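Residue numbers start from 1 in every chain, and the chains themselves are labelled A, B, ... in the order their sequence lines are given, proteins ahead of strands. Please read all numbers here as calculations on a predicted model, not as lab measurements.
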2 protein chains.
Amino acid sequence: MARSSNTQFAVAVHVLTYLAGAAAGRAASSDELSESANVNPVYVRRVLAPLREAGLVRSRSGAHGGWELAAGAEDVTLARVWRLLQGTDPVLGLHGPDPACPVGRDIQSALTALDHAVADAVATELGRFTVHDVLTGRVPAAEPRRGP
Amino acid sequence: MARSSNTQFAVAVHVLTYLAGAAAGRAASSDELSESANVNPVYVRRVLAPLREAGLVRSRSGAHGGWELAAGAEDVTLARVWRLLQGTDPVLGLHGPDPACPVGRDIQSALTALDHAVADAVATELGRFTVHDVLTGRVPAAEPRRGP
DNA sequence: CTAACTGTAGTCATCGTGGTTACGAACTAG
DNA sequence: CTAGTTCGTAACCACGATGACTACAGTTAG
């Protein structure tokens with residue numbers, strides 16, 4: 001019902017982990033990264049673009065070019081990656097308001113406030129982990145999702 | 001880039017708040033609710049269906065039928081609503097794995113674990129608020145989203 | 001120069017999301 | 001009992017987000 005069909009964060013974490021592990025100390029082409037993440041090379045470059053602008057990774061054109069980490073894997077929190085890719089987009093969904101409904105307007109601002117609070121909560125949770133943690137398996141165990 | 005284009009949670013919160021406020025003590029038709037939330041009546045019924053099965057709301061067919069809260073507005077946390085509508089769907093996006101990649105498989109399980117952790121964090125945050133809080137404006141102030 | 005890469009702009013197929021219609025069942029008023 | 005409401009649900013459709021794919025210009029090592 002509410003499946004987040006956006007894979008950019010997952011691909012970013014995958015690629016960063018790959019760069020920190022299998023490709024440590026050298027440059028990996030977007031072609032190589034795309035095979036690891038099982039996506040398109042162009043998509044890899046699109047996802048990595050904002051991370052490069054933020055200084056998390058470096059890229060070089062030409063032969064023997066490619067991508068490499070521009071920071072230590074321990075210094076890159078997943079929160080940072082998530083914020084970069086999420087931008088200011090809503091985490092929960094927001095519905096179009098009815099300007100004619102006074103009650104509706106209040107609910108709109110409440111939902112917006114809630115969205116920010118939830119975004120902060122997500123960032124806080126993701127801030128507990130780094131790319132290095134993912135590489136070394138230091139992430140919470142995958143327990144079955146508990147029901148409501 | 002990662003806009004959550006699913007409005008079910010927002011609509012549910014809107015409708016529940018309306019039921020607790022403007023429609024307190026009576027039954028409101030999905031038509032009336034749909035006008036308040038600025039969506040389609042059928043969509044209202046679709047969103048409310050799981051909430052009814054969970055005992056949050058009641059519905060009656062026939063003339064003078066409609067929807068009403070089946071629990072106190074103070075007893076319905078937004079976390080409960082969110083869990084009901086989110087189900088076990090991923091909060092972050094997950095990408096298709098490459099079964100041939102040993103590193104990829106580890107990252108898959110790490111991402112799944114992270115998704116559960118984030119879902120719990122979201123639920124914890126939303127658990128701090130109830131429908132009554134939304135109705136009375138007791139939600140966090142809408143501060144501008146802070147950058148990464 | 002040539003081969004290997006990135007950067008980016010397009011185009012396209014697929015799928016999630018909601019709007020809309022339709023119709024049967026349930027219920028109330030008269 | 002009949003007429004008018006309202007829910008429940010299926011079916012179909014339009015729109016938009018997503019990511020694959022192609023193409024091509026710019027860059028760099030050998």
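Between Asp115(A) and Thr112(A), the side chains place no donor N or O within less than 3.5 Å of an acceptor N or O (distance only, hydrogens not considered).
Taking all atoms of both residues into account, the shortest heavy-atom contact from Val134(A) to Ala110(B) is CG1-CB, 4.1 Å. Looking at every heavy atom in both residues, Phe9(B) comes nearest to Leu78(B) through CE1-O, 3.6 Å. Between Ala27(B) and Gly65(B), the shortest heavy-atom distance links the atoms CB-O, 3.8 Å.
As rounded to whole Å, 12 Å separates atom P of dC21(D) from atom CZ of Arg46(A). Atom pair Leu85(A):CG and dA17(D):C1' shows a separation of 16 Å (rounding to whole Å applied). Put simply, CZ on Arg58(B) is 17 Å from C1' on dT6(D), counting in whole angstrom units. Look at CG on Leu33(A): it is 14 Å from P on dA20(D), rounded to the nearest Å. Remark: C1' of dG4(D) and CG of Asp31(B) are 14 Å apart, rounded to the nearest angstrom. For the pair Leu94(A) CG and dG18(C) P, the computed distance is 11 Å after rounding to whole Å. When rounded to the nearest whole Å, the span between CG of Asn38(A) and C1' of dG19(D) equals 12 Å. Rounding to whole angstrom units, CD of residue Glu53(B) and C1' of dC7(D) are separated by 14 Å.
Between dG19(D) and Thr7(A), a contact under 4.0 Å exists linking OP1 or OP2 to a side-chain N or O. An OP1 or OP2 oxygen of dC7(D) is reached within less than 4.0 angstrom by a side-chain nitrogen or oxygen of Ser30(B). Phosphate contact (OP1/OP2 of dG18(C), side-chain N/O of Asn40(B), threshold under 4.0 Å): absent. Side-chain nitrogen and oxygen atoms of Ser59(B) include at least one within less than 4.0 Å of the OP1 or OP2 phosphate oxygen of dG8(D).
Of the candidate nucleotides dT18(D), dT6(D), dA20(D), dT18(D) has the atom nearest to the side chain of Asn6(A).
DNA chain D is contacted by Ser61(A), Gly62(A), Ala63(A), His64(A) of residues 61-69 of chain A, taking any non-hydrogen atom closer than 4.0 Å.
Qualifying side chain to side chain donor-acceptor pair (under 3.5 Å) partners for Arg128(B), counting only residues two or more places apart in sequence or in other chains: Glu125(B).
When heavy atoms are screened at a 4.0 angstrom cut-off, Val42(A) is found touching base atoms of the nucleic acid.
No continuous path of ILVMFWY side-chain contacts below 4.5 Å connects Leu135(A) to Val15(A), so the two sit in separate hydrophobic clusters.
When atom types are taken as modelled, the side chain of Gln86(A) and the backbone of Asp89(A) share a donor-acceptor pair closer than 3.5 angstrom.
With DNA chain D read from its 5' end, the first of the two nearest nucleotides for Arg52(B) and Tyr43(A) is the one closest to Arg52(B).
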